[in-house]
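Here the structure comes first, spelled out in structure tokens, and everything after it is commentary.
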Amino acid sequence: MAVLRPDMSEDERLALTQRYEELLVAGGGMYVEVFNRGVIPLAYFIKKKNRAGVSNTYLDGIYLLFTYFTKPESIEALESAMKTDDDIIRSSTFKIRKRKY
């Protein structure tokens, strides 16, 4: 899951989504699905500095949910890329295991 800057245009969001989909597929991922939840108010404000050193405070964000199957090595590459991206305010990865009954 990723929370993007709320002031991103639709073209910027689509380019970012495409970039991370390609990163997942290059790492061996398959069945990449992206669900855009839209702009949602955050539970608390988030301050984040960009690479230029400018600090921004965000009150809402664009929520994207990525669903995919991949190797553990590509998850590390994805997480490090998301942490250094200025367009992403927060990101989180959840591992879902198949239940055994």
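Just so we're clear, the structure is a prediction, and the values are computed from it rather than from any experiment.
Within the model, atoms CZ of F94 and CG of L65 stand 8.5 Å from one another, a figure rounded to the nearest 0.5 Å. For the atom pair CG (L4) and CE (M82), the distance works out to 8.0 Å, reported to the nearest 0.5 Å. Here the straight-line distance linking atom CD of E21 with atom CZ of F66 works out to 7.0 Å at 0.5 Å rounding. For the atom pair Y58 OH and I62 CD1, the distance stands at 11.0 Å (nearest 0.5 Å).
When side chains are defined from C-beta on, D87 counts as touching M8, because their heavy atoms get closer than 4.5 Å. L78 places a side-chain heavy atom less than 4.5 Å from the side chain of L23.
Hydrophobic clustering keeps F35 apart from L14 (ILVMFWY residues linked when any side-chain heavy atoms are closer than 4.5 Å, directly or through intermediates).
Listed by chain and residue number, nothing satisfies the side chain to side chain donor-acceptor pair (under 3.5 Å) test with Y63 (two or more places apart in sequence, or in another chain). Qualifying salt bridge (charged side-chain N to carboxylate O under 4.0 Å, His left out) partners for E33, counting only residues two or more places apart in sequence or in other chains: none.
Atom CZ of R19 has more than 12 neighbouring heavy atoms from other residues, nucleotides or ligands inside a 6.0 Å radius.
Salt-bridge formation is detected for the pair E10/R13: a Lys NZ or Arg NE/NH1/NH2 atom is positioned less than 4.0 Å from an Asp or Glu carboxylate oxygen.
Nearest heavy atoms, I89 versus P6: CD1-CD, 4.1 Å. Listed here is the closest heavy atom pair of G27 and S74: O-CB, 3.5 Å. Contact record, L24 with T70: O-OG1, 4.4 Å, taken as the closest heavy-atom pair.
The backbone N or O of E76 lies less than 3.5 Å from no partner atom in the side chain of E79, so there is not a single donor-acceptor pair. Side chain of Y20 to backbone of A81: a donor-acceptor contact under 3.5 angstrom is found.
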Taking distance alone, no hydrogens or angles, what donor-acceptor pairs closer than 3.5 Å link side-chain atoms of residues 42-55 to residues at least two apart or in another chain?
| residue | atom | partner | partner atom | Å |
| --- | --- | --- | --- | --- |
| Y44 | OH | R90 | NH1 | 3.3 |
| K48 | NZ | D85 | O | 3.1 |
| K48 | NZ | I88 | O | 2.3 |
| N50 | OD1 | A52 | N | 3.2 |
| N50 | OD1 | G53 | N | 3.2 |
| N50 | OD1 | V54 | N | 3.0 |
| R51 | NE | T84 | O | 3.4 |
| R51 | NH2 | T84 | O | 3.1 |

Pair D60-I40, side-chain contact (heavy atoms from CB on, under 4.5 Å): steps then yes or no: CA-CA 6 Å; D60 7 293; I40 299 176; over 6 Å; no
